[in-house]
Amino acid sequence: MSDGLVVRVLEAVAGLDSPAPVVLIDGPSGAGKSTLADELVRRWPITGREVGEGREAVPQLVRLDSLYPGWGGLAAGSRQVAHELLASLHATGTGRWRTWNWAAGHPGEWHRVGADHPLIVEGCGALSRASAPHADLRVWLTADDGVRKRRALARDRGAFDAHWDMWDEQFAEFVRTQRPLALADLVLDGTSTPSPAR
């Protein structure tokens, strides 16, 4: 991912009129969503409230990979983010999300998220019609199909291979019904592969 993409998102975040913004990052598998989210956390601008002893508010990061209920769970994970996490966070100041134990195939523990810290949510299905109204910045990240497939399969070291087609079909259905691209504030192309400057 190019440093320019990260800078564009950081600049957009810095321009938000919110002390603890909610940022959604969506796009197809292998586009670079996780890398972008990691860079945002690492390089977060001074826009958050001070916490405790003068420390800058560090963004909370929620990855949909941690909460999809199995390989067929894209829609369910998207709904959980929209309702349990974001709608609740907006209405009460506290949201929650539940992990999925991939090895055992059952739900894990609940995690709470507070409105006093910035929040980044990344993953396929993060940006839906239900979640969009609760976000301050909505990012759509795409990439060339061949590039993203190579990245995604290499990243998961074979675990994703048998599920790629099914997952891509779920994502296509999500895009068809939710039209996330039309909801995005920023549309970026993560095809290029240079690492961000460190």
Side-chain angles (χ1 to χ4, degrees), residues 1-68 77-78 80-82 84-86 88-90 93-100 108-128 131-132 134-143 148 151-152 155-156 180 184-190 192-198:
M1 172 170 299
S2 72
D3 188 60
L5 293 186
V6 179
V7 169
R8 283 187 65 188
V9 180
L10 287 170
E11 288 174 346
V13 169
L16 296 172
D17 185 22
S18 172
V22 174
V23 179
L24 304 182
I25 305 172
D26 204 338
S29 292
K33 299 182 298 297
S34 295
T35 301
L36 176 58
D38 288 342
E39 282 299 306
L40 292 180
V41 170
R42 188 178 74 82
R43 298 163 61 178
W44 191 255
I46 304 173
T47 57
R49 297 174 183 157
E50 291 189 349
V51 179
E53 310 240 335
R55 291 177 293 136
E56 182 188 345
V58 176
Q60 304 159 105
L61 176 58
V62 176
R63 301 187 191 278
L64 269 77
D65 283 351
S66 299
L67 58 83
Y68 298 124
S78 181
Q80 184 185 151
V81 162
E84 296 279 355
L85 178 57
L86 298 177
S88 177
L89 185 68
H90 182 79
T94 304
R96 65 180 191 162
W97 61 279
R98 193 173 195 179
T99 58
W100 179 258
E109 58 191 22
W110 286 98
H111 295 266
R112 296 203 172 272
V113 171
D116 56 343
H117 278 61
L119 172 64
I120 298 170
V121 181
E122 70 88 5
C124 297
L127 179 53
S128 67
S131 66
H134 305 300
D136 298 288
L137 181 65
R138 294 154 284 269
V139 180
W140 180 261
L141 182 64
T142 189
R148 66 181 187 81
R151 284 180 187 164
R155 176 190 63 206
D156 290 347
D185 301 305
L186 277 179
V187 178
L188 305 172
D189 188 337
S192 92
T193 55
S195 298
R198 295 190 181 272

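The shortest side-chain heavy-atom distance between Glu122 and Ser34 falls under the 4.5 Å cut-off. Between Ile25 and Leu40 the shortest side-chain heavy-atom distance falls below 4.5 Å. No side-chain heavy atom of Val23 sits less than 4.5 Å from a side-chain heavy atom of Val121. Between Cys124 and Ser29, the closest side-chain pair of non-hydrogen atoms falls below 4.5 Å. Within the 4.5 Å cutoff, side-chain heavy atoms of Pro118 are placed close to those of Trp44. Using a 4.5 Å cut-off on side-chain heavy atoms (C-beta onward), Leu67 and Leu64 make contact. Side-chain contact between Thr142 and Leu188 is absent, with no heavy atoms from C-beta onward closer than 4.5 Å. With a 4.5 Å cut-off on side-chain heavy atoms, Val139 and Asp26 do not count as touching.
Remark: Leu24 CG to Trp140 CH2 distance equals 12.0 Å, nearest 0.5 Å. Rounding to the nearest 0.5 Å places CZ of Arg8 at 5.5 Å from CG of Leu186. Atoms CG and CZ, on Leu10 and Arg43 in that order, are 5.5 Å from each other to the nearest 0.5 Å. Trp97 CH2 to Glu84 CD: the interatomic distance, rounded to the nearest 0.5 Å, is 13.0 Å. Between the CG atom in Leu61 and the CG atom in Leu119 there is a gap of 8.5 Å [rounded to 0.5 Å]. Atom CG of Leu141 and atom CG of Leu5 lie 7.0 Å apart (nearest 0.5 Å).
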Pair Val113-Thr94, side chain to side chain contact (heavy atoms under 4.5 Å, CB included): steps then yes or no: CA-CA 6 Å; Val113 171; Thr94 304; over 6 Å; no

Working for side chain to side chain contact (heavy atoms under 4.5 Å, CB included), residues Leu137 and Leu16: CA-CA 8 Å; Leu137 181 65; Leu16 296 172; 4.1 Å; yes

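Within a 6.0 Å sphere centred on CZ of Arg112, heavy atoms belonging to other residues, nucleotides or ligands number 12 at most.
Taking all atoms of both residues into account, the shortest heavy-atom contact from Ile120 to Ala37 is CG2-CB, 4.1 Å.
Aromatic ring orientation, His90 versus His134: tilted (interplanar angle from 30° to 60°).
Proximity of a side-chain donor or acceptor of Glu109 to a complementary backbone N or O of Arg98 within less than 3.5 Å is not detected. Proximity of a side-chain donor or acceptor of Tyr68 to a complementary backbone N or O of Ser78 within less than 3.5 Å is not detected. Side-chain N or O atoms of Lys33 include one that pairs as donor or acceptor with a backbone N or O of Gly27 at under 3.5 Å. Distance alone, capped at 3.5 Å, is enough to place a donor-acceptor pair between the Ser131 side chain and the Ser128 backbone. In this structure a side-chain-to-backbone donor-acceptor pair under 3.5 Å is missing from Thr99 to Ser66.
Between Glu39 and Arg42, at least one side-chain nitrogen of the basic residue sits less than 4.0 Å from a carboxylate oxygen of the acidic one, meeting the salt-bridge criterion.
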